[in-house]
Amino acid sequence: MNDLIVLLLSGPNLNLLGDRDPLIYGSDTLTHHVSEATIAAEERGLVIEHVQSNHEGELVDAIHSARGRCVGIIINPGAFTHYAWAIHDALAAFDGPIVEVHLSNPAAREPWRHTSVVAPVAAGTVAGFGGIGYRMAVRAVAELLEG
Ligand code: CA2
């Protein structure tokens, strides 16, 4: 049987997690969050494929490559959340559940973080729960796939 792959996307600067701003984003590294998501996915018969990029076009390419190959997408678009319409459009062309995840709660931060251009094409958003959010997002994708 083919692997049921969930693409986990991490946007710009998330590769710096664990390095600074622990009060906002926690002290865990991105590698740690990916490994938590991987374990949660395995428990549900899913496989996580992770791509981190600081470049919008690379994230768009990764979303295109998921079409017809991955069953779902979990995305923390980083600051691209707030203005990257190319990511919005690429996600809109993906058939399958999309869950947006944020470590912090952008709605409780600066006004420019209150808009998400990804939210309108996502099934839902998990925000403000730190690293737990990655496990929650995997559970959400799994349950959406189960219908
Ligand atoms: O809360 C989130 O997960 C965010 O997506 C994180 C983005 C931010 O622009 C969004 O508004 C909310 C920023 C990620 C930057 O992460 C850093 C980590 C360590 C040091 C510097 C940046």
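Numbers for residues simply follow the sequence, beginning at 1. Predicted, not measured: the structure shown is a model, and the values here were computed from it. Read the numbers this way: they start at 1 and go in the same order the structure lists the ligands and their atoms.
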> Does the side chain of Gln52 come under 3.5 Å of the side chain of Asn54 through a donor N or O and an acceptor N or O?
Replying inline: yes
> Under 3.5 Å, N or O to N or O, is Asp21 touching ligand 1 that way?
Replying inline: no
> Would you say Arg44 has more than 12 foreign heavy atoms packed within less than 6.0 Å of its CZ?
Replying inline: yes
> Any N/O of Thr81 closer than 3.5 Å to an N/O of ligand 1?
Replying inline: no
> What residue and atom, counting heavy atoms only, is the protein's closest point to atom 13 (C) of ligand 1, and at what distance?
Replying inline: Tyr25 OH, 3.3 Å
> Within a reach of under 6.0 Å around CZ of Arg69, are more than 12 heavy atoms found that belong to other residues, nucleotides or ligands?
Replying inline: yes
>> Within ligand 1, which atoms have a heavy atom of Leu14 less than 4.0 Å away?
In response: 14 (C)
> Just distances here: any N/O of Ser104 and N/O of ligand 1 closer than 3.5 Å?
Replying inline: yes
> Out of Val101, Ile75, Asn13, whose heavy atom is nearest to atom 17 (C) of ligand 1?
Replying inline: Asn13
> How does Arg113 reach ligand 1, by side chain, by backbone, by both or by neither, if only non-hydrogen atoms under 4.0 Å count?
Replying inline: side chain
>> Test side-chain contact (heavy atoms from CB on, under 4.5 Å) on Asn105 and Arg109; report intermediate values, then the result.
In response: CA-CA 7 Å; Asn105 179 4; Arg109 300 180 63 193; 5.9 Å; no
>> Measuring only between side-chain heavy atoms, which start at C-beta, is Leu4 closer than 4.5 Å to Leu145?
In response: no
>> Quick one about Thr81 and Glu100 (side-chain donor to acceptor, distance below 3.5 Å, no hydrogens or angles considered), yes or no?
In response: no
> Under 3.5 Å, N or O to N or O, is Leu103 touching ligand 1 that way?
Replying inline: yes
> Does Asn76, backbone or side chain, put an N or O under 3.5 Å from an N or O of ligand 1?
Replying inline: yes
>> Just to confirm my output: which protein heavy-atom neighbour is closest to atom 20 (C) of ligand 1, and how far is it?
In response: Arg20 CG, 3.5 Å
> For Val117 and His88, which heavy atoms make the closest approach, and how far apart are they?
Replying inline: O-ND1, 2.8 Å
> Any N or O of His82 that comes nearer than 3.5 Å to an N or O of ligand 1?
Replying inline: yes
>> If you define the side chain from C-beta out and look only at heavy atoms, does anything of Tyr134 sit under 4.5 Å from Val126?
In response: no
> Should you measure from each heavy atom of Leu16, which atoms of ligand 1 turn up under 4.0 Å away?
Replying inline: 19 (C), 20 (C)
>> Checking side-chain polar atoms at under 3.5 Å, does His50 have a donor or acceptor matched by the opposite partner on Ser10?
In response: yes
>> Return the closest protein heavy atom for atom 4 (C) of ligand 1 as residue, atom name and distance.
In response: His102 ND1, 3.6 Å
